[in-house]
Amino acid sequence: MRTFNSGKIAFEYPDEWEVEKADVLSNPDCIATLSKGQDNLINAVMFPTATNLDDYKMFMENSISDDGGVIIASDFIKIAGMDAIKLHANMDTPEINFDIHTYVFIENGDIFIFELRTLDISGESEGQFKNILESFKILK
C-alpha cells in the first residue's frame, strides 16, 4: 500500500493504482485522481459547502437520474469513522456503459466526494475503492 497526502486529506491505496496529475484547470476542486488501467478512474474533490448529507443525497440521486443513469443503491453509511453517503449507479451512454461508485463526506463545512468510474464487473476495483475510503483521513 502507498499513501496519498495532499496536506488536506490522506488515504492509502494499492500499488496497482497510479496517482495521476489532478486536472485542476477543468475542475479546480479536484484534489486527487487515481487510475488502474484504462477501465478504472477515481476522482476526489473537496470544496466548502453549506449543505448536509440528507440534502446532498437527494441532489446526487436527482443528478444521476437527470443524466439518464440508473441508481442501483443509495445509502447512508459509516466509513473511516465518519458518516457518509454511498451511491452506486449505472450509466449507459452511446459510447460506453460503466458503473459509478460514490462516497460523500461532509465535515466541518467542507464536502469530500470520492467517485470511482469503472468497467470492472468482477467487483475487485470496487473492493479496493472501499478499502481506500476506509483509510481516508481529513488532516487538520
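Each residue takes its place number in the sequence, starting with 1.
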Close side-chain approach of [X] to [Y], heavy-atom, < 4.5 Å:
X      : Y      : answer
Asp120 : Asn40  : yes
Ile106 : Thr51  : yes
Asp54  : Phe76  : yes
Ile100 : Met91  : yes
Val104 : Ile111 : yes
Ser35  : Val19  : no

Distance from [X] atom [atom1] to [Y] atom [atom2], nearest 0.5 Å?
X      : Y      : atom1 : atom2 : value
Met1   : Gln128 : CE    : CD    : 8.5 Å
Lys8   : Ile31  : NZ    : CD1   : 7.5 Å
Glu61  : Asp66  : CD    : CG    : 11.5 Å
Tyr103 : Glu134 : OH    : CD    : 7.5 Å
Ile96  : Arg117 : CD1   : CZ    : 10.0 Å
Met58  : Ser74  : CE    : OG    : 11.0 Å

Smallest separation among heavy atoms of [X] and [Y], with atom names:
X      : Y     : result
Thr102 : Met60 : CG2-CE, 4.0 Å
Tyr13  : Thr3  : CE2-C, 3.8 Å
Ala84  : Leu53 : N-CD1, 4.0 Å

Would you please classify the geometry between the His101 ring and the His88 ring as parallel, tilted or perpendicular, with 30° and 60° separating the classes?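 It falls in the parallel class, under 30°.
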
Where does the angle between the aromatic ring planes of Phe4 and Phe11 fall among parallel (under 30°), tilted (30 to 60°) and perpendicular (over 60°)? parallel

State whether [X] and [Y] are salt-bridged, where the test is any N-O pair (Lys NZ or Arg NE/NH1/NH2 against Asp/Glu carboxylate O) under 4.0 Å.
X      : Y     : result
Asp83  : Lys78 : yes
Glu18  : Arg2  : yes
Glu124 : Lys36 : yes

List the steps, then state whether side chain to side chain contact (heavy atoms under 4.5 Å, CB included) holds for Cys30 with Asp23. CA-CA 7 Å; Cys30 187; Asp23 184 8; 5.8 Å; no

Verify the cluster assignment for [X] and [Y]: are they in a single hydrophobic cluster under the rule of side-chain heavy atoms below 4.5 Å apart?
X      : Y      : answer
Val45  : Tyr56  : yes
Ile9   : Phe105 : yes
Leu87  : Phe112 : no
Phe136 : Ile113 : no
Ile85  : Phe59  : yes

For [X], does the [atom1] atom have more than 12 heavy-atom neighbours from other residues, nucleotides or ligands under 6.0 Å away?
X      : atom1 : answer
Ile121 : CD1   : no
Lys130 : NZ    : no
Phe47  : CZ    : yes

The single option from Asp99, Asn43, Ile42 passing side-chain contact (heavy atoms from CB on, under 4.5 Å) against Leu116: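 Going through Asp99, Asn43, Ile42 one by one, the side-chain contact (heavy atoms from CB on, under 4.5 Å) with Leu116 is satisfied by Ile42 alone.
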
Check the pair Ile77, Lys86 against side chain to side chain contact (heavy atoms under 4.5 Å, CB included), reporting the backbone distance first and the verdict last. CA-CA 7 Å; Ile77 65 164; Lys86 177 183 175 186; 3.9 Å; yes

Sub-3.5 Å donor-acceptor pair from the side chain of Ser65 to the main-chain atoms of Asn62, do we have one? no

Can you check whether Asp29's main-chain N or O pairs, donor with acceptor, with Asn27's side chain at less than 3.5 Å?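 Yes, because the side chain of Asn27 sits within donor-acceptor range (under 3.5 Å) of the backbone of Asp29.
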
Please walk me through it: do Asn97 and Asn90 pass side chain to side chain contact (heavy atoms under 4.5 Å, CB included)? CA-CA 7 Å; Asn97 180 291; Asn90 180 265; 3.0 Å; yes

To which residues is Val70 joined in a hydrophobic cluster, defined by side-chain heavy-atom contacts under 4.5 Å among Ile, Leu, Val, Met, Phe, Trp and Tyr, whether direct or through other members? none

